[in-house]
Amino acid sequence: MKPSIPSGTRDFSPEQVAKRTYIFDTIRQVFIRYGFQPIETPAMEKLSTLTGKYGEEGDQLLFKVLNNGDFLKDAKDLDNYKKLAFQIADRGLRYDLTIPFARYVVMNHDKIALPFKRYQIQPVWRGDNPQHGRYREFYQCDADVVGSNSLLNEAELVQIYDEVFSKLGFKVVIKVNNRKILQGLAEVLGCPDKMMDITIAIDKLDKIGAEGVKKELEQRGINGELFPTIQQFFAMNLQELATFFANSETGQKGVAELQQLFNYLKDSNLKNELSIDLTLARGLNYYTGCIFEVKVSDENPVKMGSIGGGGRYDDLTGVFGLKGISGVGISFGADRIYDVLEELNLYPDFKNNTTQVLFISFDEASQLYALNTAQQLRQAGINAEVYPDLAKVKKQFEYANKRNIPFTVVVGSDEMATGLLAFKDMTTGQQEKLTVTDIIQKLK
RNA sequence: GAAGGCAUAGUUCAGUUGGUUAGAACGCCAGUUUGUGGCACUGGAGGUCGUGGGUUCGAACCCCAUUGCUUUCCCCA
């Protein structure tokens with residue numbers, strides 16, 4: 001048979017793993033710097049934990065794990081695959097990190113000191129149709145604070161975005177908006193229950209343009225004549241918004257929150273642009289306050305969608321029986337960041353992760369000698385390996401070459417007799433006779 | 001859920017009126033060089049042309065079905 005992997009999944013080569021680790025480590029370091037603590041949750045959750053949290057569409061995209069044993073025991077709807085799926089599967093792969101986190105908070109409520117700041121870097125799975133930049137298995141890097149209503153959290157999360165992308169070495173634009181402002185707009189327009197419809201339409205402004213949004217609004221049952229007002233609204237600054245929201249308490253509150261966020265950040269010397277984008281809506285409907293999205297700055301020659309997002313949600317733990325806990329969080333899209341760094345060629349040198357010296361030997365005696373000498377180098381902190389098979393010297397050198405190992409040491413009877421080893425720089429081709437101590441000195 | 005594209009050596013791909021033994025590049029193995037890699041040259045191994053049917057004297061090529069991968073739309077972020 002021809003080997004293959006499931007659609008929407010990927011293998012990662014040693015080089016790719018090194019690059020991905022670099023991204024994860026950079027994000028992790030900043031999370032820790034701001035006081036976030038790691039948790040990990042299982043790849044599998046009870047299906048009851050996951051269903052109903054991501055909408056009907058999301059339920060269909062959940063990967064379900066077939067029950068062990070006689071899974072047909074409780075199967076009733078054999079003619080309805082959608083129903084049947086939930087009768088023969090009690091578990092599913094996690095769809096995001098936020099719901100498992102909410103579940104964790106509720107289960108460990110007694111042990112957690114609120115406010116609880118946690119970060120989590122793990123893969124998630126979605127049975128979506130894979131396409132460009134969209135996978136069935138991908139990593140999320142989340143940082144959330146629960147149990148605090150303060151906008152100081154939002155401010156710090158913005159600083160985290162700023163710091164991570166500064167470290168990674170490319171400029172981004174951090175866009176903010178507030179769901180209360182969008183809710184206020186819906187109220188002013190006289191259709192307060194249409195907030196989601198308006199935001200979904202607004203969210204597409206980038207993609208389908210003003211006319212498209214107008215059509216979309218009408219399809220969603222909103223009077224198209226309101227569109228000029230909506231367009232006007234987009235052009236407003238915070239002061240004008242305050243006036244616009246004279247009769248909307250919610251809207252006013254949203255404006256005040258944004259104002260407060262900017263006040264917090266006014267002396268923080270952000271290296272990246274922070275801008276209000278009233279068209280920013282984001283799809284998840286549990287957001288209730290500030291919302292964030294990060295895009296690659298236009299000064300970089302890269303075409304890429306959003307590489308991070310987040311926001312505040314009230315009462316996320318409510319569905320699990322713990323009410324009144326507010327949270328705010330952000331997420332990094334590691335897979336897309338990978339592509340950006342790749343295109344901009346911003347990865348540092350990973351040489352320290354690979355072998356620096358390969359020992360080449362001729363026979364069992366010299367191999368044993370190499371085994372022990374390599375150990376000395378390792379103890380000195382130098383990555384070394386011994387070619388494990390008795391092979392022609394040519395083959396061993398070829399191996400060093402293919403692996404990009406920068407130095408080789410040839411061990412033979414002469415070398416063993418004198419203690420002077422044939423140390424070769426594979427880039428220049430220069431070879432010299434050195435003692436083990438000299439070699440260690442040279443490579444340190 | 002809808003529409004398209006692709007499937008030939010380990011990999012990337014060539015392969016038209018349908019006609020002997022299906023090719024290239026890279027990779028792999030060996031040799032030129034029995035203690036020295038990259039470069040070069042020489043030779044070698046490696047394929048049921050995704051699978052099943054059909055048309056035909058004859059199919060990698062045409063037709064149908066099927067599976068897998070992939071792209072776009074919907075959706076999601």
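So that the names make sense, note that chain A is the first sequence line, chain B the second, and so on, each numbered from 1. Worth saying up front: this structure is predicted, and the values here are computed from it rather than measured.
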Practice item. Report the distance from atom CG of A/Asn129 to atom C1' of B/rU70, rounded to the nearest whole Å. Key: 11 Å
Exercise for review: Give A/Ser413 one of three labels, base, sugar-phosphate or nothing, depending on what nucleic acid heavy atoms sit under 4.0 Å from its own.
Suggested key: base
Review point. Under the criterion side-chain hydrogen bond (donor to acceptor under 3.5 Å, both in side chains), which of A/Gln183, A/Glu187, A/Lys180 is the partner of A/Thr250?
Key: A/Glu187
Check your understanding: Does B/rG31 have OP1 or OP2 sitting under 4.0 Å from an N or O in the side chain of A/Lys392?
Key -> yes
Check your understanding: What nucleic acid atoms does A/Gln431 come within less than 4.0 Å of, heavy atoms only: base, sugar-phosphate, or nothing?
Key -> base
Check your understanding: Has the side chain of A/Lys394 got a donor or acceptor atom sitting under 3.5 Å from an opposite partner on the base of B/rU36?
Key -> no
Check your understanding: When the distance from CG of A/Leu421 to C1' of B/rG35 is rounded to whole Å, what number comes out?
Key -> 14 Å
Check your understanding: Would you say B/rG68 has OP1 or OP2 under 4.0 Å from some side-chain N or O of A/Ser7?
Key -> no
Practice item. In whole angstrom, give me the gap between the C1' atoms of B/rC29 and B/rU70. Key: 34 Å
Point to revise | Distance between C1' atoms of B/rG43 and B/rC49 (Å, rounded) | key: 27 Å
Exercise for review: Check the side chains of A/Glu415 and A/Tyr369 for a donor-acceptor pair under 3.5 angstrom, ignoring hydrogens and angles.
Suggested key: no
**Study point:** Gap in Å between the two P atoms, one belonging to B/rG50 and one to B/rA60, rounded
**Key:** 10 Å
Review point. B/rU66 pairs with which nucleotide, Watson-Crick or G-U wobble, both distances below 3.5 Å?
Key: B/rG50
Revision key, fill the gap. Taking a pair to mean Watson-Crick or G-U wobble geometry with both distances below 3.5 Å, B/rA24 pairs with B/rU12
Check your understanding: Tell me: CD of A/Gln430 to C1' of B/rU36, nearest whole Å?
Key -> 14 Å
Review point. In whole Å, what separates the P atom of B/rG35 from that of B/rG31?
Key: 12 Å
Study note, to complete from the structure: Of A/Asp425 and A/Pro6, the one whose closest nucleotide on RNA chain B sits nearer the 5' end is A/Asp425
Exercise for review: For B/rC61, give its Watson-Crick or G-U wobble partner with both distances under 3.5 Å, or none.
Suggested key: none
Check your understanding: So A/Phe24 and A/Tyr139, would you call those rings parallel, tilted or perpendicular, with 30° and 60° as cut-offs?
Key -> tilted
Practice item. Take the protein atom NZ of A/Lys402 and the nucleotide atom P of B/rU11, then report the distance between them rounded to whole Å. Key: 18 Å
Point to revise | Nearest-Å distance once atom P is located in both B/rG10 and B/rU51 | key: 13 Å
Exercise for review: Could you give the distance separating B/rG46 and B/rA9 at their P atoms, to the nearest angstrom?
Suggested key: 15 Å
Review point. Taking for each residue the nucleotide of RNA chain B bearing the nearest heavy atom, is the 5' side occupied by A/Asp128 or by A/Thr9?
Key: A/Thr9
Point to revise | Donor-acceptor pair present, A/Arg134 side chain and B/rC75 base, under 3.5 Å | key: yes
Review point. Out of B/rU70, B/rC73, B/rG37, which has the shortest distance to the side chain of A/Gln131?
Key: B/rC73
Exercise for review: Counting heavy atoms from C-beta on, name the nucleotide in B/rA77, B/rG37, B/rG35 closest to the side chain of A/Met426.
Suggested key: B/rG37
Point to revise | Modelled atom types, side-chain donor and acceptor of A/Ser297 and A/Glu273, under 3.5 Å | key: no
Exercise for review: May I ask you to decide if the ring planes of A/Phe407 and A/Phe423 are parallel, tilted or perpendicular, using 30° and 60° as cut-offs?
Suggested key: parallel
Study note, to complete from the structure: In whole angstroms, the gap separating P of B/rA77 from CZ of A/Phe292 amounts to 18 Å
Exercise for review: Indicate, with a heavy-atom threshold strictly under 4.0 Å, whether A/Ser306 touches base, sugar-phosphate, or nothing.
Suggested key: base
Check your understanding: Hey, does A/Gly333 reach any base, or is it just sugar-phosphate, or nothing, if we go heavy atoms under 4.0 Å?
Key -> nothing
Review point. From the list B/rU36, B/rG35, B/rA77, which nucleotide is the closest neighbour of the side chain of A/Phe362?
Key: B/rG35
Review point. Looking only at atom C1', what distance separates B/rC13 and B/rG27, rounded to whole Å?
Key: 14 Å
Check your understanding: B/rC76 C1' sits how many Å from A/Tyr54 OH, rounded?
Key -> 13 Å
**Study point:** Nucleotide B/rG35, atom C1' - distance to NZ of A/Lys433 in whole Å
**Key:** 10 Å
Check your understanding: Given the P atoms of B/rU8 and B/rU16, what is the spacing between them in whole Å?
Key -> 16 Å
**Study point:** Mutual orientation of the aromatic rings belonging to A/Phe116 and A/Tyr104 [parallel < 30°, tilted 30-60°, perpendicular > 60°]
**Key:** parallel
Check your understanding: Quick one: A/Glu432 CD to B/rU36 P, roughly how many Å, whole number?
Key -> 19 Å
Check your understanding: For the base of B/rG35, is there a side-chain donor-acceptor partner from A/Glu415 under 3.5 Å away?
Key -> yes
Review point. Which part of the nucleic acid, if any, lies within reach of A/Thr428 when heavy atoms closer than 4.0 Å are counted: base, sugar-phosphate only, or nothing?
Key: nothing
Exercise for review: With a 3.5 angstrom cut-off on both distances, give the Watson-Crick or G-U wobble partner of B/rG43, or none if there isn't one.
Suggested key: B/rC29
Practice item. Once you apply the 3.5 Å cut-off to both distances, tell me the Watson-Crick or G-U wobble partner of B/rU56, or none. Key: none
Review point. Are any side-chain N or O atoms of A/Tyr161 and backbone N or O atoms of A/Gly309, one a donor and one an acceptor, separated by less than 3.5 Å?
Key: yes
Review point. Watson-Crick or G-U wobble partner for B/rA2, using a 3.5 Å limit on both distances?
Key: B/rU72
Check your understanding: With a 4.0 Å cut-off, would you call A/Asp339 and A/Arg336 a salt bridge?
Key -> no
